[in-house]
2 protein chains.
Amino acid sequence: MSAVRLVDDLSAVSAKAEWLDTILKGDCIAALERLPEKSVDVIFADPPYNLQLEGDLHRPDQSKVDAVDDAWDQFESFEVYDAFTRAWLLAARRVLKPNGTIWVIGSYHNIFRVGAKLQDLGFWILNDVIWRKTNPMPNFRGRRFQNAHETLIWASRDQSAKGYTFNYDAMKAANDDLQMRTDWLFPICTGGERLKDENGDKVHPTQKPEALLARILMASSKPGDVVLDPFFGSGTTGAVAKRLGRHFVGIEREQSYIDAATARIAAVEPLGAGETAVMGGKRAEPRVAFGSLVEAGLIAPGAELSDARRRWTAQVRADGTLAIGRDAGSIHRLGAMVQGLEACNGWTFWHVEREGRLEPIDALRRVIRDQMAGVGA
Amino acid sequence: MSAVRLVDDLSAVSAKAEWLDTILKGDCIAALERLPEKSVDVIFADPPYNLQLEGDLHRPDQSKVDAVDDAWDQFESFEVYDAFTRAWLLAARRVLKPNGTIWVIGSYHNIFRVGAKLQDLGFWILNDVIWRKTNPMPNFRGRRFQNAHETLIWASRDQSAKGYTFNYDAMKAANDDLQMRTDWLFPICTGGERLKDENGDKVHPTQKPEALLARILMASSKPGDVVLDPFFGSGTTGAVAKRLGRHFVGIEREQSYIDAATARIAAVEPLGAGETAVMGGKRAEPRVAFGSLVEAGLIAPGAELSDARRRWTAQVRADGTLAIGRDAGSIHRLGAMVQGLEACNGWTFWHVEREGRLEPIDALRRVIRDQMAGVGA
DNA sequence: GGGCTTCTTGAATCGTCAC
DNA sequence: AGTGACGATTCAAGAAGCC
């Protein structure tokens, strides 16, 4: 590293410090353009829904439903909404790191337009996720199904971006050891979590539950990552990011929302590093070559390996390869060969006999890894 | 009615007779253009998803996943897919009655484009509905969330069309007297319902479950209505429409699918008029429940329920209601009615005969609940 | 037959690293 | 940038096989 680059880095860090963990006031697109490119790991966006409400809606008891009729949710036409969507998605894409991902939440009023535009701009959809509401608002007129969900789209920056963060093992563990599905069940934001002003009115009409953001950030970010929310509103994204040990950047136009979010986030107590750590699986473990087991004396050259049912056996050679008759190769290649398959995980396929029982050689790899961890500690 | 109008009507009926309850062979758009305008009550469309698969996918046991790689699912680009979508939606809109509605099913690969195009063409989205799968294919590589749902869009022809059919009370009654929500739980189509050819291979790669179509048609059509499916495939729409006393029209290009669908539909026994009747609109009338058991086939429409001492019996109907003579209602209400009580838990009151013994229907509900356990949350 | 295990399969945009 | 080696990864049902 040269001194010049070091200065560059320092200036970048310094520039970062100005906007990390802050709320930028102003228009979403203009603010996005002020941020450095490729600087954000995860974007969560809850854009205006373009609700096309005609007149007021009344409950059966004639009470008026407090509809989302704020000025920021009014668009003249689909064309105008599409142009707005395209503009902010483009600006968001510029600030996203190459391996960053974006989440957008919406309802049937806008989500189809957002999804199509995401695809048009080159984003690559990874999943659509359904937030099933335990307590949705009823359909008061009885003319449709009760609208009981919202839709989230999760997308990477490009089709070719394979290095995005997905904490698969953590998600699976949190779901009783079953893969996390695309249908999530959460209550809507009510009670003590719902921000109210001094009159007892809700601060923001569409405040999202923290549990939803927590799952999103636990699934697709790492501690220390930068999380951007271009429609910050009451700051749920910032509050959850801070609590989970992620940095946040919020963009918001309305001062009343900024005030509420600022106070809210200030009151958040971050969890400790141990609590926010992401559970990693085998993928996160350091690589160990089979040969190093032989070198370490955990398996002697000449030892015999077999599969779990003792259908095939192979001999360990001093160079860390296996041999069956005249054939030789890696533990993986020979495992594939004897089974007639394209591929094979030799670590779990091959076993060694210890005290009369067959044990996968993966258990020996564990020994090596524990030794490595012990040295590092 | 004048004689002229009567003749016109007759000729219309005569013309109808040629295509009602038939499968039209040929290109979807060309066939749609041969149908009279404003002649269809409900359209159910399962268009190609444009899956964009690249390499092979293997399960952890190295077996190869049988991908949907048929020629009909291949499109050169989003632009080509959009043009295709626009063309068939326009042709479908012409044949739809002014108060008709359209259902389209898709996945995240295509549904956003379909939804946006629906809006562009003037359709008015009533709901998006989520089909949650009890048994979806896992994500074998652990790189994303398990894709556990598909999305349906339900739309009317115009924003101004307020007279569309929605059997609100029947849906509510079938859902334990709660409004039917937009998240529906069904298994994918397997077992005896899945059509196989003489080699035991599946006839169609994406056959939809009949329970899904049953709910759609029970919700949005009346007996005698005309139901059109422009991507008929193996004919699930036709089979369910016939069983429920609706007319169907199918459009399909491939002869093998037509042959399978023809035989399948010929074997369907229509239910009696009493079983397919939808409950009247009066909200004060007794209501019913347990529709999901019926949709799931755990209890067949027409089956007889009785109380533990066989003092009373009632008949199950396709919309999830019970009938005793001229009376109809939820399991709770009819249980109360026959006993002369204010309230009654129909789940424990009503029994079904299995292997000569009476078993409370609550035991069947447990089956459904077991399906739901472990899902979501 | 019954209970148990094993096998099969489903609309799927399903790697990463070193050389 | 292209190539090849490493080695990580699955849930629910129904059907079939086995004692």
* To do: Using ring-ring contact (aromatic ring centres under 6.0 Å, His included) as the criterion, list what pairs up with Y164(A), not counting sequence neighbours.
  =>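 So Y164(A) forms a ring-ring contact (aromatic ring centres under 6.0 Å, His included) with W154(A).
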Ignoring backbone atoms, establish whether [X] has a side-chain N or O less than 4.0 Å from OP1 or OP2 of [N].
X       : N       : result
N345(A) : dA8(D)  : yes
R143(B) : dT16(C) : yes
R365(A) : dA8(D)  : yes
N147(B) : dT13(C) : yes
H332(A) : dC6(D)  : no
K172(A) : dT9(D)  : no
Y168(A) : dT10(D) : yes

Identify each atom pair where a protein N or O and an N or O of nucleotides 17-19 of chain C are less than 3.5 Å apart, giving names and distance.
none

* To do: Would you please enumerate the stems DNA chain C participates in, each stem being three or more consecutive Watson-Crick or G-U wobble pairs with both distances under 3.5 Å?
  =>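 So far as stems of 3 or more pairs are concerned, DNA chain C shows C:2-10 with D:11-19, C:15-19 with D:2-6.
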* To do: Taking syn as within 90° of 0 and anti otherwise, name the glycosidic form of dT9(D).
  => anti
* Give me the ring orientation class for W184(B) and W103(B): parallel if the planes are under 30° apart, tilted from 30 to 60°, perpendicular past 60°. => tilted
* Salt bridge or not for K282(A) and D362(A), using N-O below 4.0 Å? ->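 Yes, this pair counts.
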